[in-house]
Amino acid sequence: MISLKKLLTGLLCFCALYGNAQKVGLVLSGGGAKGLAHIGTLKALEENHIPIDYITGTSMGGIVGALYAAGYSPTQIEKIALTNDFQDWVSGRFKSDYSFFFQKSSANASLITAKLSVDTALRVNFRSNLVNDIPLNFALIELLSQASAIAKDNFDNLLVPYRCMVSDVFSQTSITVKSGSLAEAVRATMTVPLIYRPIKLDNKYVFDGGLYNNFPADVMQKEFKPDYIIGANVSSKNFKEYPKSGDERLINRLMLFMFLSKSDSTLIGKNGIYIQPDLQDFSSSNFTPVAELIKQGYDATMADMPKILKSVQRRVSKEEIGLKRNSFNNKKPQLVDIPLQMGPPNGAMYPTKFGA
């Protein structure tokens, strides 16, 4: 008969092996500017040594997730988001240095060329252009092209295996992007209709992944089959109070909410946790309260941290993740300056302002 001591020893060994083998997947929803709260979630997880083995994301969640998968630490991502450059990217402002190239007429893949806005009297006005996406396009190339080069455009080879969602509106299907240019994939996942021009990906014109899959927990299960899923949702399509007449704060967000699919918390499954920061007082289209949004994500994740720590036995030390990140970043090729007169850029360009 097996002694109680041997039985307990064997059980402890089994638990230790299981804990070390645990794989954790992180799902980051779309939600416009509210997606900046995901940076806070990343900070909280790393501070508590919770491993992140896989990432799936949509829209702003796809951007934050891609930066992490590309070798940026939560602190570096926060630093980027707090810069004036970031505000220029999301608002469409660009530096005069590039005005000649930016103002050249070119083929436009847009299906619609009007920018819709609603004023306080609910009159509809049309402007001749969408949000200028060129500053954002250049920024994504600058930030992500090196990691994409290391991975040979295979998202499994990034620092953290990664997937993002895009939407093919013609076939009305959700597409999981797992390879190709990381910068293009991220640009595609956040292409909100009426705000950004669609881009062509694998010969398909695609829009924001949130149209058909705003919370890709199902993709996480299908692609990676992790032992535990941490899902962070920053999008809500429901309001506690119906907007009053003339309430521009809510009415002006109506178009964005129309395009987002609901986030289903049940997709997490029994082996996971669903984090939803309280972001009712924030706008999906206002990117200025960066620090406040990050704090909301951090606080919400920390509130659930006891449950996460109890369920996830495996730990990754600060030194371990630092060594892994540095090893990945040290392989990044140097960005190359391409003079403007040489024509449109075909790859990485403009030295990055943010160190690896």
Trainee: Begin from the C-alpha positions of Asp208 and Thr191 and carry the test side chain to side chain donor-acceptor pair (under 3.5 Å) through to its verdict.
Mentor: CA-CA 4 Å; Asp208 194 297; Thr191 306; over 6 Å; no

Trainee: So do Met190 and Leu136 actually touch side chain to side chain, heavy atoms under 4.5 Å?
Mentor: yes

Trainee: Find out whether Ile230 and Ile275 are in side-chain contact, i.e. whether some heavy atom of one side chain is under 4.5 Å from a heavy atom of the other.
Mentor: yes

Trainee: Apply side-chain contact (heavy atoms from CB on, under 4.5 Å) to Thr56 and list each qualifying residue two or more places apart in sequence or on a separate chain.
Mentor: Val27, Arg163, Pro216, Val219, Met220, Phe224

Trainee: Measure the spacing between OG of Ser181 and CG of Leu201 and express it to the nearest 0.5 Å.
Mentor: 8.5 Å

Trainee: So, for Met165 and Ser174, which heavy atoms are closest and what is the spacing to 0.1 Å?
Mentor: CE-OG, 3.1 Å

Trainee: Treating Ser167 as the side-chain partner and Val169 as the backbone partner, does any N or O pair qualify as donor plus acceptor under 3.5 Å?
Mentor: no

Trainee: For Lys204, give me all partners under salt bridge (Lys or Arg N to Asp or Glu O under 4.0 Å), at least two apart in sequence or on another chain.
Mentor: none

Trainee: To the nearest 0.5 Å, tell me how far Lys200 NZ sits from Glu184 CD.
Mentor: 12.0 Å

Trainee: Quick one: are Arg197 and Ile134 in side-chain contact, heavy atoms under 4.5 Å?
Mentor: yes

Trainee: What pair of heavy atoms forms the shortest contact from Gly71 to Leu159, and how long is it?
Mentor: CA-CD2, 3.7 Å

Trainee: Can a donor-acceptor pair be found, under 3.5 Å and without considering hydrogens, that links the side chain of Tyr196 to the backbone of Asn132?
Mentor: no

Trainee: For a side-chain contact (heavy atoms from CB on, under 4.5 Å) check, start with the C-alpha distance between Phe155 and Thr176, then their side-chain angles and the critical distance, and finish with the verdict.
Mentor: CA-CA 11 Å; Phe155 297 172; Thr176 302; over 6 Å; no

Trainee: Check whether Ser145 reaches the backbone of Ile141 with its side chain - one donor and one acceptor, N or O, closer than 3.5 Å.
Mentor: yes

Trainee: Ignoring hydrogens, what is the shortest heavy-atom contact between His38 and Gly61? Give both atom names and the distance.
Mentor: CD2-CA, 3.6 Å

Trainee: Check for a donor-acceptor pair, side chain of Gln76 on one end and backbone N or O of Ser73 on the other, with a separation under 3.5 Å.
Mentor: yes

Trainee: Would you check if Ile294 and Glu78 make a side-chain contact, meaning some heavy-atom pair closer than 4.5 Å?
Mentor: yes

Trainee: Quick one: does any side-chain atom of Arg314 pair with a main-chain N or O of Gln22 as donor and acceptor, under 3.5 Å?
Mentor: yes

Trainee: So which heavy atom on Val186 is nearest to which on Ala66, and how close?
Mentor: CG2-CB, 3.4 Å

Trainee: Which atom names give the shortest non-hydrogen contact between Gln87 and Phe287, and what distance separates them?
Mentor: NE2-O, 2.9 Å

Trainee: Going by side chain to side chain donor-acceptor pair (under 3.5 Å), name the residues that satisfy it together with Thr189, two or more places apart in sequence or in a different chain.
Mentor: none

Trainee: Side-chain contact, heavy-atom cut-off 4.5 Å: Met60 with Lys34?
Mentor: no

Trainee: Please say whether more than 12 non-hydrogen atoms of neighbouring residues, nucleotides or ligands are located less than 6.0 Å from CG in Asp202.
Mentor: no

Trainee: Indicate yes or no for a side-chain donor-acceptor contact from Asn271 to the backbone of Tyr228 under 3.5 Å, with no hydrogens or angles considered.
Mentor: no

Trainee: Which residues pass the side chain to side chain donor-acceptor pair (under 3.5 Å) test with Tyr68, sequence neighbours left out?
Mentor: Glu46

Trainee: How close do Phe328 and Ala70 get, counting heavy atoms only, and between which atoms?
Mentor: CE2-O, 3.4 Å

Trainee: Taking the six-membered ring for Trp, are Tyr274 and Phe215 closer than 6.0 Å centroid to centroid?
Mentor: yes

Trainee: Within the 4.5 Å heavy-atom criterion, are Asn84 and Trp89 side-chain neighbours or not?
Mentor: no

Trainee: Could you work out, with side-chain contact (heavy atoms from CB on, under 4.5 Å) as the rule, every residue matching Leu323, not counting sequence neighbours?
Mentor: none

Trainee: side-chain contact (heavy atoms from CB on, under 4.5 Å), that's the test. Do Arg187 and Asp133 meet it? Break it down for me.
Mentor: CA-CA 9 Å; Arg187 170 62 178 79; Asp133 60 351; 2.6 Å; yes

Trainee: Treating Asn214 as the side-chain partner and Ser29 as the backbone partner, does any N or O pair qualify as donor plus acceptor under 3.5 Å?
Mentor: no

Trainee: Give, for atom NE2 of His49 and atom CD of Glu319, the distance between the pair rounded to the nearest 0.5 Å.
Mentor: 8.0 Å

Trainee: Atom CG in Leu82, atom CD1 in Ile39: separation rounded to 0.5 Å?
Mentor: 7.5 Å

Trainee: Could you tell me if the side chain of Asp88 sits less than 4.5 Å from the side chain of Pro135, heavy atoms only?
Mentor: no

Trainee: Quick one: does any side-chain atom of Gln146 pair with a main-chain N or O of Leu143 as donor and acceptor, under 3.5 Å?
Mentor: no

Trainee: Checking Thr83 side chain against Ile80 main chain: does a donor-acceptor pair fall under 3.5 Å?
Mentor: yes

Trainee: Could you tell me whether Lys23 and Asp227 have a side-chain N and a carboxylate O separated by less than 4.0 Å?
Mentor: no

Trainee: In Å, rounded to the nearest 0.5 Å, how long is the span from NZ of Lys178 to CD of Glu223?
Mentor: 3.5 Å

Trainee: Any donor and acceptor pair, going by atom type alone, linking the side chain of Asn233 with main-chain N or O of Ser235 inside 3.5 Å?
Mentor: yes

Trainee: side-chain contact (heavy atoms from CB on, under 4.5 Å) between Leu42 and Ile52: does it pass, once the steps are laid out?
Mentor: CA-CA 9 Å; Leu42 289 174; Ile52 301 173; 3.7 Å; yes

Trainee: Would you call Lys222 and Asp218 a salt bridge, taking side-chain N to carboxylate O under 4.0 Å as the test?
Mentor: no

Trainee: So, using side-chain contact (heavy atoms from CB on, under 4.5 Å) as the criterion, who are the partners of Lys307 when residues are at least two apart?
Mentor: Ile273, Asp304

Trainee: Does any part of the side chain of Pro161, heavy atoms only, come nearer than 4.5 Å to the side chain of Ile55, both counted from C-beta?
Mentor: no

Trainee: Nearest 0.5 angstrom please: Leu144 CG to Leu67 CG, how far?
Mentor: 5.5 Å

Trainee: Evaluate the side chain to side chain donor-acceptor pair (under 3.5 Å) criterion for residues Thr301 and Thr41: first the C-alpha distance (whole Å), next the side-chain angles of each, then the deciding distance (0.1 Å), finally the verdict.
Mentor: CA-CA 6 Å; Thr301 307; Thr41 292; 2.9 Å; yes

Trainee: Could you please spell out the steps behind the side-chain contact (heavy atoms from CB on, under 4.5 Å) verdict for Met305 and Ile308?
Mentor: CA-CA 5 Å; Met305 191 55 65; Ile308 298 173; 4.2 Å; yes

